[in-house]
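Report on one structure; see the data block that follows.
Order of the sequence lines fixes the chain letters, A, B, ..., with proteins taken first and strands second; residue numbering starts at 1 for each chain. Keep in mind that what you see is a predicted model, and the values were worked out from it rather than measured.
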Amino acid sequence: MIRLDHVTKTYPKAARPSLDDVSVSIEKGDFVFFIGPSGSGKSTIIKLLLREISPNRGKVNVNGKEISSMRSWKIPHFRRSIGCVFQDFRLLPNKTAYENVAFALEVIGKSKAVARRVVPEVLELVGLGGKEHRYPHELSGGEQQRVAVARAFVNRPLILLADEPTGNLDPDTSIEIMRLLDRINRTGTTVVMVTHDSNIVNQMRRRVIEIEGGRIVRDQARGVYG
Amino acid sequence: MRAKYVLSEVLVGLWRNVTMTIAMMITMTVSLSMLGASLLMYRQVDKMRAYYYQEVEVSIYLKGDVTPEQRSALDGRLHADPLVKEVFYEDKQMAYENFQKMFQDAKDMVESVSAAEMPESFRVKLNDPKQFTAINQQYREAEGVQSIVDQQQLLQKVFDVLGAIQSLSLIVAAVMGIAALLLVANTIQVAAYSKRREVAVMKLVGASNWFIQMPFVLEAVFAAVLGSLLAGGLLIVTKVFVLEGSLQALTNLLTPVDWGDVWLMFPILAGVGGLISAMTAWITLRFYIRV
């Protein structure tokens, strides 16, 4: 499903590479944590998988597609098979929960009729039934992140990327978000999550890949934060 | 639904930044009307050339003491000359009548001259009006010839003036055009910045590039097309109130500007303005919205 093959990424003007000869393979339906200190290169992986950046060396293969050399006009279509949530939610403040999710469908060409059918369903799934018409500022942080998850998942992507999704949330809310991600994972969606929240990693007992200084220093099937 | 989305984005975008939109439209209007004026002038000079070249004559004035033999010799030569299309002899009396007609407002001038003082002349039409030099060389030294005048040279001065006005309006069009394009680029940057959140989400969920960029590009095109309509309106106003109003006398001398040509300016200006600002917007976006 996801394969990084001897990937090296050095940002322009950076003294040392963010990722240094990293190879990793993630199967369909996996739930994987990338952990490590700030600046270790975790977020670079998310950016590579979204094809926001390209590696200097090595190959990135997602959904059977070689994306490191993908032509730029093909990237939008590729991204439709990937959902993504971030620490800062990235919701549109002038749109309601419903509109935020529907927007993601409309801009990729889905009709309003499709949105009317699918959006309430996914909002129900993330536990926001009845709050469809609230604006982001009328929702708690956890609820906002649920909207973001709904938006990422509404298109039923094969892969869900999560870049520190609990970074702005208190521990209890974080656990609720993790339950949600777990439920999404059980539908067969591959989940890749970058975090340094040790509580969560220890509770979930899923595959843990630890990165330090741009290199993989640990890869455990049912790991803890350590 | 997508068309509706794009259209509402365009209108909201223009309205959000309405002072900039107006500035953009005014500069476009000035630039495009100048462009339109110089295009019309170009057509006009062309038409005038064609028109006047049919009418243009070379006048061979004869000396006061020209003998009948010299006159008929010249007449024979001119008729036989392959460069010459038509020859018309104007005697003293006809010249005087023309003179009277031309200066009918200046009685003193007419009265001070008698028919005997008017020069006789051959009015010659050339097959090719540009062959004046050849005619001039052949007949300048002929017996009984006083002087040879080419109307084309007078006409050329008029064309030179028109050409200068045309260049000037093209320069103004270019300078205002650059200002308009900078405003387009700026407007697009502001629009892209004010919609950066939406753009970020659209990129994230995989909206196609054209879908992201279309509202911005259309915003620029919309302003350009409005500007071109105003510019066309300005040309009409100029034709009605200036060319056919205060400058009536001059317009009669020049050939009149056809309505057809003026209407033709609308699609041309809209096309030129729309295309150039669309390209400017698109290039600007390539710097501000990367994949």
(request) Count the heavy atoms of every other residue, nucleotide or ligand shown that sit under 6.0 Å from CH2 of Trp259(B), and state whether that count exceeds 12. (result) yes
(message) Quick check: do Leu204(B) and Leu50(A) have side-chain heavy atoms less than 4.5 Å from each other?
(response) yes
(message) As an exercise, state the distance from CG of Asn209(B) to CD1 of Ile75(A), rounded to the nearest 0.5 Å.
(response) 8.0 Å
(request) Check Ser208(B) against Pro76(A) and note the closest heavy-atom contact, atom names and distance. (result) CA-CB, 3.8 Å
(message) As a test of understanding, state which of Leu91(A), Asn94(A), Leu92(A) forms a side chain to side chain contact (heavy atoms under 4.5 Å, CB included) with Arg197(B).
(response) Leu92(A)
(request) Decide if atom OH of Tyr11(A) counts as having more than 12 heavy atoms of other residues, nucleotides or ligands within a radius under 6.0 Å. (result) yes
(message) Heavy-atom pairs under 4.5 Å with chain B - which of Ala152(A), Gly83(A), Ala104(A) has more of them than the others?
(response) Ala104(A)
(request) Just give me the residue among Ala200(B), Ala207(B), Gly206(B) that pairs up with chain A most often, heavy atom to heavy atom, under 4.5 Å. (result) Gly206(B)
(request) Show your reasoning for whether side chain to side chain contact (heavy atoms under 4.5 Å, CB included) applies to Val205(B) and Asn155(A). (result) CA-CA 9 Å; Val205(B) 300; Asn155(A) 211 18; over 6 Å; no
(message) Is it the case that atom CZ in Arg43(B) sees more than 12 heavy atoms from other parts of the structure closer than 6.0 Å?
(response) no
(request) Using a cut-off of 6.0 Å, state whether more than 12 heavy atoms not belonging to Arg179(A) lie near its atom CZ. (result) no
(message) Tell me if a side-chain donor or acceptor on Arg79(A) pairs with a main-chain N or O of Lys203(B) at a distance below 3.5 Å.
(response) yes
(message) Can you confirm whether more than 12 heavy atoms, excluding those of Phe103(A), are under 6.0 Å from its CZ atom?
(response) yes
(message) Can you tell me if Lys59(A) has over 12 outside heavy atoms packed within less than 6.0 Å of its NZ?
(response) no
